[in-house]
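A short write-up of the structure that comes next.
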Amino acid sequence: FVTEASSGGDDSADLNDRIHFLPWENNPFDHQRRSYSLCNAMLDSYPYNGHTTAQDALYAGVPLITRSDGDDMSSRVSTSANIVLGLEEMNAYRGIEEYE
């Protein structure tokens, strides 16, 4: 993957500086704790939210930015988590324009 990314255009060196392959952690809580030092925020997937990965990020203290304009439960899971944690400002209720 890294080799493929480095064969790209002008930003390929910058991209390789941003991709980190981490060793496996037997204890998932160790994995969650180290996530905090690697990123400033997590952009949630749409239309199906991250569910477990989103909760892992929140557990590690990483803020989660999510779209909240989905029609079904699976597209609003992270919205609920942000509300419970008092992070409602991280929810993009008006869709893609607000999310970007």
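The chain is numbered in sequence order, starting from 1.
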side-chain contact (heavy atoms from CB on, under 4.5 Å) against Leu43, all qualifying residues, sequence neighbours excluded: Ile65, Tyr99
Side-chain touch Thr79/Tyr93, heavy atoms, less than 4.5 angstrom: yes
By side-chain hydrogen bond (donor to acceptor under 3.5 Å, both in side chains), Ser74 pairs with (sequence neighbours left out) Asp72
List for me each residue that meets side-chain contact (heavy atoms from CB on, under 4.5 Å) alongside Leu85, sequence neighbours excluded, and say none if there are none. Leu58, Leu87
Taking only residues two or more places apart in sequence, or in another chain, which ones meet Asp69 in a side-chain contact (heavy atoms from CB on, under 4.5 Å)? Tyr46, Arg67
Apart from Val84 itself, what residues make up its hydrophobic cluster, given side-chain heavy atom links below 4.5 Å? none
Give me the atom names and distance for the closest heavy-atom approach of Arg76 to Gly70. NH1-O, 3.2 Å
Contacts of Glu98 that satisfy salt bridge (charged side-chain N to carboxylate O under 4.0 Å, His left out) - sequence neighbours left out: Arg94
Restricting to non-hydrogen atoms, name the atom on Pro63 and the atom on Met90 that form the minimum distance, rounded to 0.1 Å. CB-CE, 3.4 Å
For Leu64, does its backbone N or O pair with a side-chain atom of Asn82 as donor and acceptor, under 3.5 Å? yes
Ignoring hydrogens, what is the shortest heavy-atom contact between Gly50 and Asp44? Give both atom names and the distance. N-OD1, 2.8 Å
Within the side chain of Asn91, is there an N or O that forms a donor-acceptor pair under 3.5 Å with the backbone of Ser68? no
